[in-house]
Amino acid sequence: KKFVAALNERVGRKDKPSFLKGGPYDRYILVIYTDESVLSADWVEPVVPSTFFQTASIDEIWLLLSYEPLQERCPIYRIPSLKTGEKKRD
């Protein structure tokens, strides 16, 4: 619950049309990077599909984790979201 609440707080802070500078832009993509050692791919992977955000201006939300030596990569996950006024994608 704390994890989803923290994501919600960060998305809400960035999901304001007044926050966007310049433009116009074709897409607004938010990448949230975390270096929290407790947020491993094994922990995040099952949580992401059940998380969903309705957004006003953000088209896509991605969560980027720290480098995981066993996977030899930085895991990245698309957080399910839908921008107001858009149709749900399959």
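Note that the coordinates shown come from a computational prediction; the quantities given were computed from them, not determined experimentally.
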Heavy atoms, side chains only, cut-off 4.5 Å: are [X] and [Y] in contact?
| X | Y | answer |
| --- | --- | --- |
| Pro80 | Val48 | yes |
| Leu65 | Val44 | yes |
| Leu63 | Phe3 | yes |

Practice task
Group every Ile, Leu, Val, Met, Phe, Trp and Tyr by side-chain heavy-atom contacts under 4.5 Å, then state whether Leu39 and Val31 land in the same group.
Solution key: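 No; tracing contacts between hydrophobic side chains, which count when under 4.5 Å, never links both residues.
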Notebook entry, point to check: In terms of hydrophobic clusters joined by side-chain contacts under 4.5 Å, are Tyr67 and Tyr33 together?
Noted result: no
Considering all heavy atoms of both residues, which atom of [X] and which atom of [Y] are nearest to each other, and what is their separation?
| X | Y | value |
| --- | --- | --- |
| Ser66 | Glu36 | OG-N, 4.5 Å |
| Asp15 | Gln54 | OD2-O, 4.3 Å |
| Pro46 | Ala41 | CD-O, 4.4 Å |

- Please confirm whether the backbone N or O of Phe53 pairs with a side-chain atom of Ser81, one donor and one acceptor, at under 3.5 Å? no
>> Treating Glu60 as the side-chain partner and Ile29 as the backbone partner, does any N or O pair qualify as donor plus acceptor under 3.5 Å?
In response: no
ring-ring contact (aromatic ring centres under 6.0 Å, His included) involving Trp62 - partner list, sequence neighbours excluded
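Checked Trp62 against ring-ring contact (aromatic ring centres under 6.0 Å, His included); zero matches.
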So the side chain to side chain donor-acceptor pair (under 3.5 Å) pairs with at least one residue in residues 68-77 (sequence neighbours excluded) are Glu45-Tyr77, Gln71-Arg73
The reported gap from CG in Asp59 to NZ in Lys83 (rounded to nearest 0.5 angstrom) is 4.0 Å
### Task
Find the distance between CG (Leu70) and CG (Asp42) and round it off to the nearest 0.5 Å.
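Leu70 atom CG to Asp42 atom CG measures 9.0 Å (nearest 0.5 Å).
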Apply side-chain contact (heavy atoms from CB on, under 4.5 Å) to Val11 and Ile32, showing your working.
CA-CA 9 Å; Val11 170; Ile32 300 170; 4.2 Å; yes
Those residues at least two apart in sequence (or on a different chain) that pass side-chain contact (heavy atoms from CB on, under 4.5 Å) with Lys14 are Phe19, Tyr28, Leu30, Ile58
